[in-house]
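Here is the structure we will look at, set down as structure tokens.
Order of listing sets the numbers, starting from 1, for every ligand and every atom in it. When reading the values below, keep in mind they use all heavy atoms of this one structure, side chains included, and skip hydrogens, waters and symmetry mates.
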Amino acid sequence: MPRECITIQAGQCGNQVGCKFWESALREHAAAASGTRYPAFDDALSSFFRNVDTRYTPPREIKAGNCSVPIQCLKARAVLIDMEEGVVNQLLKGPLSELFDEKQYITDNSGSGNNWAQGHEFYGPKYSDAILEKVRHEAESCHSLQSFFMLHSLGGGTGSGVGSYVLELLNDMYPKVHRFCTSIFPNAEDDDVITSPYNSLLSMAVLAEHADCVLPLENQALLDIIQKKESWDAKAEAGQRLPTSRGGSKVRPGKPFDEMNGIAANLLLHLTSSMRFEGTLNVDLNEITTNLVPFPRLHFLVSSMAPYSSSLLSG
Ligand SMILES: Nc1nc2c(ncn2[C@@H]2O[C@H](COP(=O)(O)OP(=O)(O)OP(=O)(O)O)[C@@H](O)[C@H]2O)c(=O)[nH]1
Ligand SMILES: [Mg+2]
């Protein structure tokens, strides 16, 4: 039986991590179906994707069935929100553009100016109906909606402010559907955004109250992994043995967001694979919460990834 999950990507970081996630998920499903040139649309794919027949207007939904259903046109079960247009526009022009249609995204021009309040108090209420409409559209195509999966950063204004607002909305409108958040925390010391501590703190209050489970990822930790990998690669190239502890590679100017998001996407892929694929370990996101959350507000899980190898990080 399909167990669907709707992803909500908010802000620049949320959409960039989301982009990596979809790319890797498609690659993983294609690899799992190796042998068949055109993988069929099955329950595994239907948890994060819809299959639609675009020959009709509006496109007609093709449900996964017991027999093999060919893929017509895959759409991600996702709602994209950003109060700047740049990242979403890039996504819609890129190789993943077919995964999303105009019913799935909301953008504005000016951004939330790295201000939680601008996102939560202005853009949230402004787009509240539009957001609910898009979520409803996605929810109606689900057979058994299991959870909302939010991707956002806490340091800016949109991911944190509008993201928090959306969580409150979902809590009101879909109280029985689990809200699972992947929240990217800013660097403690040198973050690009001066207001990031305030934005994070204000979001944390909402996350504690309105999310069922939060997977915090810290930008500094992601950066450390990248630097460690670079130091491994450099030493391996020089013909030395791999180091066992943190190596001191050169710090590049700017943050390698693409690679950092690759790690986050890999982690999410692993976390959701038990829900996406059949198998003895088959569990859904709700069960993770049931097993690991002792009290309702104590729902911040620490994530780790093993084995730790550079091939894993290149996703
Ligand atoms: N890991 C990661 N962090 C990012 C990325 N983009 C931005 N960040 C971090 O996210 C925080 C800034 O949040 P953004 O997502 O850029 O802001 P936003 O949600 O778009 O909000 P506004 O721009 O204010 O409307 C800072 O801590 C950045 O370091 C990304 O692609 N990957
Ligand atoms: Mg932005």
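- With a 4.5 Å cut-off on side-chain heavy atoms, L80 and I106 do not count as touching.
- Between E138 and K134, none of the side-chain N atoms (NZ, or NE/NH1/NH2) sits under 4.0 Å from a carboxylate O, so this pair counts as no salt bridge.
- Separation of atoms CD (E23) and CG (L91) is listed at 10.0 Å; rounding is to 0.5 Å.
- Between G159 and ligand 1, a contact under 3.5 Å exists for at least one N or O pair.
- A donor atom on one side chain and an acceptor atom on the other are found under 3.5 Å apart for D108 and Y127.
- Nearest protein neighbour of atom 12 (C) of ligand 1, counting heavy atoms only, is G156 N, 3.6 Å.
- Short contacts between ligand 1 and G11, defined as distances under 4.0 Å to a heavy atom of the residue, involve ligand atoms 19 (O), 20 (O).
- Nearest to atom 25 (O) of ligand 1 among the protein's heavy atoms is T158 OG1, 2.6 Å.
- For N219, every heavy-atom contact with ligand 1 shorter than 4.0 Å involves the side chain, none the backbone.
- When only modelled atom types and interatomic distance are considered, S141 and R77 share a side-chain donor-acceptor pair under 3.5 Å.
- Side-chain atoms of N291 and E287 form no donor-acceptor pair, as typed in the model, at a separation below 3.5 Å.
- Counted by atom type alone, W232 and Q227 present zero donor-acceptor pairs between their side chains at under 3.5 Å.
- Residue contacts with ligand 1 for Q16 involve side-chain atoms from C-beta outward but no N, CA, C or O (heavy atoms, distance under 4.0 Å).
- Residue Q104 comes nearest to L99 through the heavy atom pair OE1-O, 3.7 Å, listed as atom of the first residue, atom of the second, then distance.
- At a heavy-atom cutoff of 4.0 Å, ligand 1 is contacted by the side chain of S153 but not by its backbone.
- Ranking the protein heavy atoms by distance from atom 24 (O) of ligand 1 puts N114 N, 2.6 Å first.
- Pairing each heavy atom of I184 with each of V17, the nearest pair is CD1-CG2, 4.3 Å.
- Using a 4.0 Å cutoff on heavy atoms, E84 counts as a contact of ligand 1.
- For ligand 1, none of its N or O atoms has an N or O atom of F257 under 3.5 Å away.
- One finds the CH2 atom of W22 at 10.5 Å from the CG atom of L74 (value rounded to the nearest 0.5 Å).
- Taking the six-membered ring where the residue is Trp, F180 and F149 present tilted rings, their angle falling between 30° and 60°.
- Remark: distances from the non-hydrogen atoms of G113 to ligand 1 include one below 4.0 Å.
- Near P186, with a cut-off below 4.0 Å to any heavy atom, the atoms of ligand 1 are 27 (O).
- Looking only at side-chain heavy atoms (C-beta outward), E84 and T107 stay at 4.5 Å or farther from each other.
- Only side-chain heavy atoms of D192 come within less than 4.0 Å of ligand 1; its backbone N, CA, C and O stay farther off.
- Residue-level check: among N/O/S atoms of E84, OE1 sits closest to the Mg ion (ligand 2).
- If you check the side chains of H152 and S160, you find no donor sitting under 3.5 Å from an acceptor.
- Looking at atom 20 (O) of ligand 1, its nearest protein heavy atom turns out to be Q12 N, 2.9 Å.
- By the criterion of a heavy-atom distance under 4.0 Å, the side chain of D191, and not its backbone, is placed next to ligand 1.
- Among the atoms of D82, no N, O or S atom falls under 2.8 Å of the Mg ion (ligand 2).
- Distances between N or O atoms of S196 and those of ligand 1 include no value under 3.5 Å.
- Here the heavy atom of the protein found nearest to atom 32 (N) of ligand 1 is N261 OD1, 2.7 Å.
- Heavy-atom contacts of C13 reach the following atoms of ligand 1: 2 (C), 3 (N), 4 (C), 5 (C), 6 (N), 7 (C), 8 (N), 15 (O), 30 (C), 32 (N) (cutoff under 4.0 Å).
- Of all atoms in ligand 1, numbered sequentially from 1 with element shown, those under 4.0 Å from a heavy atom of G111 are 25 (O).
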